[in-house]
Amino acid sequence: MTASTATMTAVERDATLGTEPAWLSDLNPQQRQAVDHGSGPLLIVAGAGTGKTRTLAARVARLVGDGQVPERILLLTFTRRAARELVQRARTLSGNDDARRIWGGTFHSVAVRILRQHGDAVGIRGGFTVLDESDAADLIGLVRDDLGLGEKGRRFPRKETIAAIVSRVANALEPLSVTLAEQFPWCVADADDLRRVLKGYRDRKRANNVVDFDDLLLLWRALLDHPTVGPQLRGQFDHVLVDEYQDVNTVQADLVQRTVAVTGSLTAVGDDAQAIYSFRGASARHILDFADRYPSATITVLDRNYRSTPEILHVANGVADDLEEAHRKTLRTTRPSGVRPRLVTCRDEVAQSVHVCEVILDARERGIDLRDQAVLFRTGHHADGLELELARRDIPYVKYGGLKFLDRAHIKDVAAMLRVLDNPADELAWARVLRLPEGIGPAWSRRIAAAIGIGSWRAGDDSATSPLARFIDAPVNAPPAAQPVLESLARAWRASIGEELAQPPVAEQLRQVGEVARLAWPLRYPDASARLADLDRLSALTSGSALRSRFLADLTLEPPAAIGDLAGPPHLDDDWLTLSTIHSAKGLEWRAVHVIHAADGNLPSDMALRDKEGIDEERRLAYVAVSRAKDELTVSVPLRFHRRRYGLDDDFHHGQMSRFLTPLRDRFDEAAAGGPDDEPEQQVTAAAVDALLDDLWDA
DNA sequence: CATTTATAAATTTTT
DNA sequence: TTTATAAATG
């Protein structure tokens, strides 16, 4: 393949001079081809551990080194951490700081940036608030209650379920009827009422000047089609690079296509064997149909694995063998032989936890730091038992995925106080703030809201005083018990208000609203002091956000990935273990990986067994899990486990080994943990209890 | 009207 | 675990 550029690229120049730029060193021929590719559409199909990140970073460095304008390069990644890492590596490779100026981030964060600039064109005002998943569910809950649905005696879907339906429709761009029939069959009977809720929710969002995650994508797409803003946006970037392309949904694929419409320079990187986000509308179809959408596309396959030992790769390939990949690739490793993966059958969850801890400590003894090890699982609560055992043994860890720091009520309280400042039309934030003082319940809250015009005032309406101004200017009518907190709130808001750059630093605003919390929380929460300590952690996150709106958007779009991001490593230890859902482990690697709960029903999850597509996705998850390991892989299967999340019942499930692993048993060393003789059952009889009480009575 | 207490129910993955 | 409702209490 030749780059059909008229001028010499930096690569060619350096080649003539006999020197090689840094970004080309250590690349294999396929990787070089991808880095050196000219400006047409390029799809890099990169198997697990094939140097995808290195290749992408090198390509960015090459573009910048060739003199492309960094501000006109857009790099879309799955997480912002991935964007940061890529940009950092590109900077190192290119040897100058220009790469820092490229546009990098997730689809959602880039959408916020564009919407802050051009939102007016589609009727979204600059101070808009981004709702996270639980905010969206709460607003839906308000709408549902206003419509009188979910009243007693009726079984109406939970607000979280409705939120999931809304999101699915928006992301997959498929009709509600189809979504309900295929994804939420138990809600089909409520279709008509759901439709009313959905429309009410949409109107409420617009009235409050708030957008949810899905709006961000749809509004960005609408802007690209806008008569005046559209052409501007479509010509804004000379090069667009998209990572994890197998996990884009229809809207995102459209966005990309429209954005590169003028220049045609698109680089997409992905692996259809690792598509694991179909639940949110993503489809590997987009990577498979790449050449249809971009007929002039070049496709490069990276199948040389630099990550795993042959033994681990043998397992990974075995899991992937049954997948119907269009881009079939059997990974070949460059690494020498290592230890065989272990497959451990455990009597129950406790035995599994104990065993995994022992394996982890043993690996550490052999020189694999905790930071080089990870425990992976299908769902957040699969780690519960292990977390107990880790705590008992004082093994420090951080857990990724399933974390709900931002969902904690008190963090939401703080965010709500700041949100009202940004967007006084934000009903949801008001509702939360007004719930803060003692003595105010639903009735008073409604009364106050009506008095200062919450819900009726629209953002940008200068003919009426905003609820915020009214709240600050004059005391509101409320029970005496609530007054101190309300006054403190008005004080904090007065001190924090300000236009754009004139506003006090975010840390200072946080301190101000923290004073309100100091007053209100002790009456609200039994563990107020622990929650107040979180204020400092939140404050530590403000660095870098000059503006409140930026801070709030960052908080919702990129919540701290792990507890450790906020609290620092437990016990001030340097070394800690990673626990992660398989989803959150995408793109990462560790020397030793321990996959737990690899039982049928957990992996694959029994909720995904409805159709072949569901099972295939679970298989890809299993593939992602085992292919994270570089040197050592342990897979454990508890034979007895809780089926439900809230382990109050005795509903045990007797499991079998995952169907993905059973055919691969000969690729593992097998062992058992917690056999029947391990802990002899103690015989406890009623007579013994009676005797015990007898003793107490007679003493 | 707000709060406390009791009771029942809930389907996983995330920007 | 949280979330929603009902009934009792303040």
Side-chain angles (χ1 to χ4, degrees), chain A residues 76-82 105-112 130-134 136-138 141 144-145 150-161 163-164 167-168 170-171 183-187 212-217 244 247-249 251-252 276-282 376-382 384 400-404 407-409 435 437-447 478-479 481-482 523-524 553 556-559 561 580-586 597 601-610 614 617-618 620-621 624-625 643-649:
Chain A
L76 291 164
T77 54
F78 205 71
T79 63
R80 282 205 284 181
R81 197 185 61 210
T106 60
F107 279 92
H108 293 86
S109 66
V110 170
V112 168
V130 182
L131 301 185
D132 69 17
E133 186 80 46
S134 69
D138 287 347
R144 183 193 55 186
D145 293 347
E151 305 259 300
K152 59 168 181 173
R154 288 194 58 165
R155 255 181 301 118
F156 200 68
R158 309 184 55 202
K159 59 185 169 115
E160 286 82 4
T161 310
S167 188
R168 171 78 201 190
N171 279 290
Q183 311 291 327
F184 303 89
W186 65 94
C187 300
D212 60 22
F213 286 143
D214 310 324
D215 285 328
L216 287 173
L217 300 182
E244 310 282 7
D247 284 320
V248 299
N249 61 35
V251 183
Q252 291 166 323
I276 53 176
Y277 278 91
S278 72
F279 70 92
R280 67 179 217 208
L376 306 183
F377 34 84
R378 175 66 177 86
T379 73
H381 71 265
H382 283 167
D384 290 351
Y400 288 78
L403 173 80
K404 299 219 207 86
D407 272 347
R408 310 273 301 280
R435 220 176 300 143
E438 183 87 42
I440 297 186
W444 271 107
S445 174
R446 249 196 318 277
R447 207 173 296 160
L523 301 163
R524 237 335 123 203
T556 37
L557 290 177
E558 190 185 37
S580 175
T581 57
I582 298 173
H583 283 91
S584 294
K586 187 168 80 156
H597 277 288
N602 284 335
L603 186 67
S605 160
D606 47 15
M607 266 163 295
L609 301 181
R610 205 171 329 126
E617 174 127 329
E618 298 291 310
R620 293 191 291 267
L621 265 169
V624 169
R643 187 204 282 282
R644 311 183 133 272
R645 171 149 46 147
Y646 316 109
L648 295 169
D649 51 16

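So that the names make sense, note that chain A is the first sequence line, chain B the second, and so on, each numbered from 1.
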Report the residues that fulfil side chain to side chain donor-acceptor pair (under 3.5 Å) with [X], sequence neighbours left out, ordered by chain and then residue number.
{"X": "A/D212", "answer": "A/Y201, A/K205"}
{"X": "A/Q252", "answer": "none"}
{"X": "A/S109", "answer": "A/T106"}
{"X": "A/S278", "answer": "A/E617"}

B/dT15 OP1/OP2 closer than 4.0 Å to side-chain N/O of A/S109:
no

So, OP1 or OP2 of B/dT14: does either fall under 4.0 Å of a side-chain N or O from A/S584?
yes

Contact nearer the 5' end of DNA chain B, comparing A/T106 with A/A608
A/A608

Closest-nucleotide 5' rank along DNA chain B - winner of A/F213 and A/S605
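Between the two, 5'-proximity favours A/S605.
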
Rounded to whole Å, how long is the line connecting atom [atom1] of [X] with atom [atom2] of [N]?
{"X": "A/F78", "N": "B/dT14", "atom1": "CZ", "atom2": "C1'", "result": "7 Å"}
{"X": "A/K159", "N": "C/dT2", "atom1": "NZ", "atom2": "P", "result": "13 Å"}
{"X": "A/W186", "N": "B/dA9", "atom1": "CH2", "atom2": "P", "result": "18 Å"}
{"X": "A/L217", "N": "B/dT14", "atom1": "CG", "atom2": "P", "result": "18 Å"}

Over all strands shown, is A/R158 touching base, sugar-phosphate only, or nothing at heavy-atom distances under 4.0 angstrom?
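It contacts sugar-phosphate atoms only.
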
Counting the atoms with a prime plus P, OP1 and OP2 as sugar-phosphate, which does A/F107 contact under 4.0 Å by heavy atoms, base, sugar-phosphate, or nothing?
nothing

DNA chain B: stems of at least 3 consecutive Watson-Crick or G-U pairs whose donor-acceptor distances fall under 3.5 Å:
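Paired runs of 3+ in DNA chain B: B:1-10 with C:1-10.
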
Of all the choices, [options], which nucleotide is nearest to the side chain of [X] once you look at every atom?
{"X": "A/R378", "options": "C/dA4, B/dT13, B/dT15", "value": "B/dT13"}
{"X": "A/M607", "options": "B/dT14, B/dT15, B/dT12", "value": "B/dT12"}
{"X": "A/T581", "options": "B/dT14, B/dT12, C/dA4", "value": "B/dT14"}
{"X": "A/T161", "options": "B/dT14, B/dT13, B/dT11", "value": "B/dT11"}

With sequence neighbours left out, what residues match A/F78 under ring-ring contact (aromatic ring centres under 6.0 Å, His included)?
A/Y277

Integer angstrom distance from the P of C/dA4 to that of B/dT12
16 Å

Partners passing salt bridge (charged side-chain N to carboxylate O under 4.0 Å, His left out) against A/R168 (at least two apart in sequence or in another chain)
A/E174

Suppose we screen for salt bridge (charged side-chain N to carboxylate O under 4.0 Å, His left out). Which residues come up paired with A/E160, at least two apart in sequence or across chains?
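Listed in chain order: A/R158.
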
What nitrogen or oxygen pairs link the protein and nucleotides 1-4 of chain B at under 3.5 Å?
unit_1, atom_1, unit_2, atom_2, d
B/dC1, OP1, A/R447, NH2, 2.8
B/dA2, OP1, A/G441, N, 3.1
B/dA2, OP1, A/W444, N, 2.9
B/dA2, OP2, A/A443, N, 3.2
B/dT3, OP1, A/G439, N, 3.0

Let's go through A/D132 and A/F213 carefully: what are the C-alpha distance in whole Å and the side-chain angles of both, what is the deciding distance for side chain to side chain contact (heavy atoms under 4.5 Å, CB included) to 0.1 Å, and is it a yes or a no?
CA-CA 7 Å; A/D132 69 17; A/F213 286 143; 4.2 Å; yes

Intermediate values then yes/no, side chain to side chain contact (heavy atoms under 4.5 Å, CB included), A/H597 and A/R378:
CA-CA 8 Å; A/H597 277 288; A/R378 175 66 177 86; over 6 Å; no

